[in-house]
Each structure stands twice: as C-alpha cells, then as structure tokens.
There are 2 protein chains.
Amino acid sequence: MSSLRAKFGKQLRRIRKRRDLTQEQLAEIVDVSPEFISNVERGINAPSFETLEKLAEALRVAIKDFFDYDHET
Amino acid sequence: MSSLRAKFGKQLRRIRKRRDLTQEQLAEIVDVSPEFISNVERGINAPSFETLEKLAEALRVAIKDFFDYDHET
DNA sequence: AAATTCCACGAAGTTAAACTTCAAGTTCTT
DNA sequence: AAGAACTTGAAGTTTAACTTCGTGGAATTT
C-alpha cells in the first residue's frame, strides 16, 4: 500500500516509457525540469493541476489513466 | 469544450451532492475553506494533489472518478 | 415577512506546494 | 569504457493553492 504519489509516479513512468520518451524529453514538452519529472516518478513530488493536464496532453492519455490502478499489487 | 477545471468542478459537485453533503460540510472534512470548495466546483480554483486525495477519501470515491467524463452533457 | 441555510462572488492577502538550479553520483546501454 | 539516462540532496524561488472578509442572492422554513 504505497502512497498515491508513488502510484501516480509509477503510472507516469509506465506511460512515458510506452511512449518511448526520456524524462528530459517529457520535461521539455511539459515545460518543467527533468529533475522534477524524476521526483514525480519516484513519488517525491506531485504535479500541479495544470502540469497534470500538460502531462496528459503530452503523453496523449486521459487524466484518469494516471489514476487507474486496477492492475496493482 | 469547457476546461478541465470546469469539468472537474462539475464532477466534484455531482459527487458531493450524491453524498448529500453541503460545501461547508465537505470543506470541514477536507480541511479547506467553504469558499475554496465553491471556487473549485465553479472551475475557478483547482485542488493540490494532497487536497485531491482528501476529497476522494471524504467522498469515498476513487480519484479517477473525478476525471471520468464519459457521460458528459 | 423575517429568519435561516446554502451558495456565489470579488478583492486582497498569505502560505505552502510546486518547481528550480547546481553538482555529484549511479545505473543502464552500447 | 564511454555516453546517455536517471538519481539524489541541498537550498533556493515562484506561483498556485488557499485564506479571510464582506456582500448579496435564491430557496426554504417558521
């Protein structure tokens, strides 16, 4: 039972890799620092509502996909 | 096409009403001001990641439910 | 009709979460 | 081995998240 941030981060990483993007590339599209992406993926930081929106757009997924944890342990 | 904030707000309101809570009651549970709930429901403000989590918990829904807009008018 | 409840709305402010930079180190891939 | 991708910590800045206060409106309820 990891935190929501952690789950969210894992999901973000999964989706990013599926799209074959590096943290740096995603960071540039979304206009945040690569370290911030790294921190979000590791559950250390969380995105703002606006950044959440941009992430979804950049990765071409619905926002709810970031919060869909049905396949989880 | 309304903004994500607006859609989110509408959904929040729907779910809150389904639970038969006033803005004030929800605000108290989630530990924010009632005006803030009002603003979020009207798409003026957006919650932080933490507040999002608390909203889901208070209303006993999954976070993705806030972002599920399939049945939209 | 007046009192109560619930909510809208604006203005103006504060706070904390979101986000940055830099620098050094690690792991992965080729 | 070398480069690319990522981690991590520390210490800082910025801005979105959130507050308070005051007024007012619409819909009950007494």
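Numbered from 1 within each chain, the chains take letters A, B, ... in sequence-line order.
Taking only side-chain nitrogens and oxygens, A:R13 comes nearer than 4.0 Å to OP1 or OP2 of D:dT7. Side-chain nitrogen and oxygen atoms of A:R16 include at least one within less than 4.0 Å of the OP1 or OP2 phosphate oxygen of D:dC6. The phosphate of D:dT7 (OP1 or OP2) has a side-chain N or O of A:S38 nearer than 4.0 angstrom.
Contacts of A:R42 classified as side chain to side chain donor-acceptor pair (under 3.5 Å), with partners at least two apart in sequence or in another chain: A:S38, A:N39. Residues meeting the side-chain contact (heavy atoms from CB on, under 4.5 Å) test with B:R18, sequence neighbours left out: B:I15, B:V61. Residues forming a side-chain contact (heavy atoms from CB on, under 4.5 Å) with B:E57 (at least two apart in sequence, or on another chain): none. Scanning for side-chain contact (heavy atoms from CB on, under 4.5 Å) contacts around A:E35 gives A:S33, with sequence neighbours left out. Remark: A:E28 engages no residue in a side-chain contact (heavy atoms from CB on, under 4.5 Å) (not counting sequence neighbours).
The distance between atom CG of B:L52 and atom P of D:dA16, rounded to the nearest whole Å, is 17 Å.
Helix bend of the helix from C:dA1-D:dT30 to C:dT30-D:dA1: the angle between its two end axes, each built from five pairs, comes to 60° after rounding to 10°.
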Note to self: One character per nucleotide, please: for nucleotides 16-23 of chain C, 5' to 3', B when the base has a protein heavy atom closer than 4.0 Å, S when only the sugar-phosphate does, - otherwise.
What the structure shows: -SSBSBBB

Checklist line | Per-nucleotide protein contact string for nucleotides 25-30 of chain D, where B marks a base within reach and S marks sugar-phosphate only (heavy atoms under 4.0 Å, - for neither) | finding: ------

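The stretch residues 21-29 of chain B does not touch DNA chain D, since none of its heavy atoms comes less than 4.0 Å from the strand. At a non-hydrogen distance threshold of 4.0 Å, nothing from residues 54-61 of chain A comes into contact with DNA chain D.
Among pairs with a residue in residues 4-39 of chain B, those fulfilling ring-ring contact (aromatic ring centres under 6.0 Å, His included) read A:F49-B:F8, B:F8-B:F66, B:F8-B:F67, at least two apart in sequence or across chains.
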Scan nucleotides 26-30 of chain C against the protein and return all N/O pairs shorter than 3.5 Å with their distances rounded to 0.1 Å.
none

